[in-house]
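Here's the structure, in structure tokens; my notes come after.
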Amino acid sequence: MSITTFSDLGISESICTAIQEMGFEAPTKIQEAAIPAILKGGDVAGQAQTGTGKTAAFSIPLLERVDTGLNQTQGLVLCPTRELAVQSTGEILKLGSHCKGIHVTPVYGGQPIGRQISQLKRGSHIVVGTPGRLIDHLKRGTLNLESLRMVVLDEVDEMLNMGFRDDIEQILGFAGEGNTRQTVMFSATLSAAIKKLMKRWFDNPELIQVESQVSGASGIEQYLVEVRDSMRTEGICRILDLNQYKRSLVFCNTKRTCDSLVDDMQSRGYASGVLHGDMNQNMRDKVMAEFRNGRIDLLIATDVAARGLDVENVDVVFNYDIPHDPEYYVHRIGRTGRAGRDGTAYTFSAGRKNKNIRFIEKQLKMNLKSIPLPSVKEVKSSLREAFQEDVSKTLETGGLRPFIEQVEAIASDRFSPIEVAAALLKMREESRPEEKEEESGSVPKQKRSARKQRSKPTKKDPFYTPFVKKGKGRSRKRR
Ligand code: AMP
């Protein structure tokens, strides 16, 4: 399967650099279709949910159209809520971080208008706002749309549901009907009301709809874990420790998230590796070989890097980020449960993102089973069981003579061997940090697993084995 890159879409170098820095590996489906369409200059109507990458789909061509040498408002983005206005402004600023001298201003109700007025006075190339506040500025004359080149109506369906229809039409009226202005909209649905709006204000719009031709993957247990973003890494650790999964795949949406997650997982003592598009073939082959031979048992990857990945026996797939598309969801979780084996997939979600996962569920006509994050108590009891099993196995394997001698030497006449064993367990327990509050959701780093030796080794430690950190290959030697 050939992969479209951002530069294939005719995006300028400065924006491509920003995209690279944001860690986006490849355009999402809606971006692949909408960016070239908008760049052509005609009106465009895109059908896309949040979570599909629609903000970048209109922000990239919007930035391309702005002339920073002209100190006038050239782009206007209408969105239903103040949160979305702030979020979209942030995304535009990041994408435009290499566009010299670009000014983007969010305007929304609830914020003192004076501050917005002085920002607009200084000159703003792109204004992102909620309809009510935009009208306020237009009426006061503090926002001038004479040089407007593009107007974007984001989440039109939401805006109409919120009763902004008249406001939108009024703003479009200010923005000059049918002149050089390009009109773009995104909406999750194309209702009759939206079509009516398009008929009046759009000039022969190109319709962009990206349909997923997929059905849900069966035979895989699929769970939804609703936790805030900052708890996702902890979530993976608890789920891994509770279930003692051996080989796991974690999917993130960006290269940057993959990099920071692999660092976190390694510092928590998990034998992890990363796979993404910034790695050369040599590095990828090495990580894949390590994953296959069990030197690493947790692989963190982007969708593109994982394309064509063929590894047997993946016990579990985690969606650290919700995929941009239902099709990706099916591809991701299809990595587990191969060849008639049982597979399990966990997807993390919270707040606004729940909408994205509901969309995937609806498209795939299935429901994820919602489960709570396992508690610290559950994880600890599972770890204890696993530790007891490990001890039994070690006893059965034998080769204990030199250690028995040590125990006898320690015990001498004063203690029984059982007391020595108890002291060793106590030392093991006490060498770890204090238990944190369960509410904080944090299992102390070193209390992870008995299966893997996860406490940080020191040379004083009688069980010390050197830590093997292999540059970007990132693996911790299993012991
Ligand atoms: P949106 O649908 O615009 O709300 O975007 C959802 C999330 O996806 C945002 O956090 C974006 O920064 C992110 N995103 C957008 N495009 C891409 C891409 N091509 N690759 C990875 N992440 C992306």
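Just so you know, these numbers use all the heavy atoms, side chains as well, and skip hydrogens, waters and symmetry mates. Start at 1 with the first residue, then count along the sequence. Atoms within a ligand are numbered from 1 in the order they appear, just like the ligands themselves.
- Residues T17 and E21 have side chains in contact (heavy-atom distance under 4.5 Å, counting atoms from C-beta outward).
- Partners of E158 under the side chain to side chain donor-acceptor pair (under 3.5 Å) rule, at least two apart in sequence or in another chain, do not exist in this structure.
- Within 4.0 Å of ligand 1, the residues that place a heavy atom are F6, F24, A26, P27, T28, Q31, T50, G51, T52, G53, K54, T55, E91, N253, T254, H324, listed by chain and number.
- Within the 4.5 Å cutoff, the side chain of L78 has no heavy atoms near those of the F164 side chain.
- H276 and D259 form a side-chain donor-acceptor contact under 3.5 Å, judged by distance and modelled atom types alone.
- Put simply, the side chain of F251 does not reach to within 4.5 Å of the side chain of P323, judged on heavy atoms.
- If you check the side chains of D315 and T336, you find no donor sitting under 3.5 Å from an acceptor.
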